[in-house]
There are 2 protein chains.
Amino acid sequence: MKGMATIRDVAKLAGVSVATVSRVLNKNGYVNKETEQKVVKAMQQLQYEPNAVARGLAGKQTGTIALILPDISNPFFPELARGIEDAAQRLGFTVILCNSDDQGQKEKSYIEVLRKKYVDGIIFASNTLGQEEVVQMKQSSLPFVILDRAVANQVCTVIRCNNYEGAKMAVQHLLDIGCQKIAHIYGPQELITARERLRGYEETVKGFPWYSPSLMVPGSFRFDGGLQAVEELLRLHPDVDGIFAGNDLMALGVLKGLKRKGIAVPDQIAVCGFDGISLTEIAEPELTTVAQPIYEMGAMAAEVLIKKIKTGDTNPGLFELEVRLIQRDSTRKRVRG
Amino acid sequence: MKGMATIRDVAKLAGVSVATVSRVLNKNGYVNKETEQKVVKAMQQLQYEPNAVARGLAGKQTGTIALILPDISNPFFPELARGIEDAAQRLGFTVILCNSDDQGQKEKSYIEVLRKKYVDGIIFASNTLGQEEVVQMKQSSLPFVILDRAVANQVCTVIRCNNYEGAKMAVQHLLDIGCQKIAHIYGPQELITARERLRGYEETVKGFPWYSPSLMVPGSFRFDGGLQAVEELLRLHPDVDGIFAGNDLMALGVLKGLKRKGIAVPDQIAVCGFDGISLTEIAEPELTTVAQPIYEMGAMAAEVLIKKIKTGDTNPGLFELEVRLIQRDSTRKRVRG
DNA sequence: GTCTGATGTGTAACCGGTTACATATGGACG
DNA sequence: CGTCCATATGTAACCGGTTACACATCAGAC
């Protein structure tokens, strides 16, 4: 703020025009080596730093991207945000954080604001992105990528992991350690991730004699959701010996619920989660989980978005990352009966 | 981007000058009621939305604040960030997220970038803010507030909670439930919070016959830190029956360490943390903690900062919030021996 | 010797707002 | 009736960059 030097000051001191200074700044156009030296020297003398706002206005690029997510205090998102921010920072971009609480209204009003601020692109990790918003986004020519959500009937650029395969891995693992009756607590079916995981479960177990649709009980993807669902589940099926929860937070709720009931994990019931958030290591017992490369997904989202911004590429694309099973105490192999 | 209407378009359609439109927009200066109606109508017809970047350049206010913190994936910060973002959003501001990893270099380069982008103010929740940076910040006339960190010899605006009193509450609680020998795992002494908590511990226990300086062992404020420190502690003092950890993350590490050693909590050793992060409810056993109003601290930080921005107030100030003890299973009263 | 294209630089418009200043009107007041 | 001030509006400069376009120089090609 204080008498910051402008490009005109630099031009005057270097004895050239602003256009030349701008050329030096952006390394485009022709500039004589000696002239460049003069300009650089003038910049240093004045401690010149180009004004990003003016740049944004003139050039329509602000070096800012936005991240819209439901709630940063949901433990899944901080690591994602970190991955995004790191990659953005590395590529010279800055990140605006927006919590939508999965309310379409909030999300919409954010998009509005972000557009006014000339953000260069948006990463959606939010659930609510509906048909119309997507269409509108595509029309507006504002680059965006979608994390972990697929939008029906619309081709967008999506980064996600293989939820279906991951779910199969989880269930297979429970089978491998000797579980005889495995239940699944699934997340909100609006979410493609929750649907895919449910599908992975069902495909894997439907051939077994013990299979029953009532082994699949709904949960909210939150800690409470797991806690409540496990109550429900045990009422219907007191004899389950393996639970695959749709995400880690619910799995932690399951652990808590089982603890309260005095049911031993993994001895009586083995539990497996999905996501690979760091809480799984803190939990007691430590939670087996199908880990997504959360940080990397974030980083990739930012990289893909920024590449789009820089190249103007508007094509859709799917970037699918691999999951991996991390076995921990909540599914340690029991001695077969 | 697509042919967005500008203020001049509105002016033309309404048959007035841009100045008048601007006045209507900002509700300042004199505008005739009827003229205003015409302008409003023109705005609606054109779906006019003022360009925030141009506004920022002309008016030097961008409606953006920045949050610099060490690492959003440290569980203390997401809730803080949420509080900040909510308040900012409510007051019409947008938040840029910056992870400094407590590296002075990163922090400095962020400040640089943020200044170029004309952010209206900065919230520091970072540890590294040193003397020089603070002095420089104050000179630069860029409003800022500091969360939970006090800077030596410098008067700034600080939001924090009463760490000293909180620590006393924690230790007193352990005494109340019958602990006979209480240890403290303290955090990095560069942090005022860690120092204050240590002081609270020491003041409370130093009169007791069992008091010994070696009951205070250092930790890193991270999960691992608690895990390692409790090892160390038990080597020196196998007979402790109460541990006050400098923060929740270390307390969770302590729980894990005790579990591995087969020591029962709270029966053999009671454990109390500090912060009140939500993980304390997920832990097993659930962790007693001295809870800071984390969300509220964030919200207050944003509110105070934005008030400064709007009023131009540059005075320092201290905003101290109250902590409260949340008793949970990790310190359930044992039957006295 | 002229034409051409690469190189180098400056002028001024433009991005889309804000605002200082000028100008005009009309009622109140002495 | 002249003065003063509140009201109302427009003109144009300004914020600090980018860039289209014009112009100049110079080397190599024909």
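All figures in this text were calculated on a predicted structure; none of them were measured in a lab. In what follows, every chain begins at residue 1, and chains take the letters A, B, ... in the order their sequences are listed.
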Rounded off to whole Å, could you give me the [atom1]-to-[atom2] distance for the [X] and [N] pair?
{"X": "A:Asp9", "N": "D:dC15", "atom1": "CG", "atom2": "P", "value": "10 Å"}
{"X": "B:Tyr118", "N": "D:dC15", "atom1": "OH", "atom2": "C1'", "value": "7 Å"}
{"X": "B:Lys27", "N": "C:dT19", "atom1": "NZ", "atom2": "P", "value": "15 Å"}
{"X": "B:Arg55", "N": "C:dG16", "atom1": "CZ", "atom2": "C1'", "value": "11 Å"}
{"X": "A:Lys12", "N": "C:dT9", "atom1": "NZ", "atom2": "P", "value": "20 Å"}
{"X": "B:Asn26", "N": "C:dT19", "atom1": "CG", "atom2": "C1'", "value": "10 Å"}
{"X": "B:Asn51", "N": "C:dG17", "atom1": "CG", "atom2": "P", "value": "5 Å"}
{"X": "B:Glu49", "N": "C:dG16", "atom1": "CD", "atom2": "C1'", "value": "14 Å"}

Less than 4.0 Å between a side-chain N and a carboxylate O, is that true for [Y] and [X]?
{"X": "B:Lys307", "Y": "B:Asp313", "value": "no"}
{"X": "B:Arg82", "Y": "A:Asp71", "value": "yes"}
{"X": "B:Arg90", "Y": "B:Glu303", "value": "yes"}
{"X": "A:Asp120", "Y": "A:Lys308", "value": "no"}

Closer than 4.0 Å, any side-chain N/O of [X] to the OP1 or OP2 of [N]?
{"X": "B:Asn32", "N": "D:dT7", "value": "no"}
{"X": "B:Thr35", "N": "D:dT9", "value": "yes"}
{"X": "B:Ser22", "N": "C:dT18", "value": "yes"}

- Query: Hey, which of these two, B:Thr20 or B:Ala54, hits DNA chain C nearer its 5' end, going by closest nucleotide?
  - Reply: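 Nearer the 5' end of the strand: B:Ala54.
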
[X], nearest nucleotide to its side chain (from [options]):
{"X": "A:Ser17", "options": "D:dG17, C:dG16, C:dT11", "answer": "C:dT11"}
{"X": "A:Tyr30", "options": "D:dG16, C:dT9, D:dT9", "answer": "C:dT9"}
{"X": "B:Ala19", "options": "C:dT9, D:dC15, D:dG10", "answer": "D:dG10"}
{"X": "A:Thr6", "options": "D:dT9, C:dT18, D:dG16", "answer": "D:dG16"}

- Item | Of B:Val16 and B:Ala58, the one whose closest DNA chain D nucleotide lies more 5' | B:Val16

- Message: Counting distance alone, no hydrogens or angles: does the base of C:dG8 have a donor or acceptor under 3.5 Å from a partner atom on the side chain of A:Arg23?
- Response: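 Flag unset: no donor-acceptor pair detected.
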
- Message: Determine whether A:Lys41 and A:Leu13 satisfy the following criterion, side-chain contact (heavy atoms from CB on, under 4.5 Å), listing intermediate values before the conclusion.
- Response: CA-CA 9 Å; A:Lys41 203 168 140 205; A:Leu13 181 59; over 6 Å; no

- Base, sugar-phosphate, or nothing: which does B:Val18 touch, judged by heavy atoms less than 4.0 Å apart? base

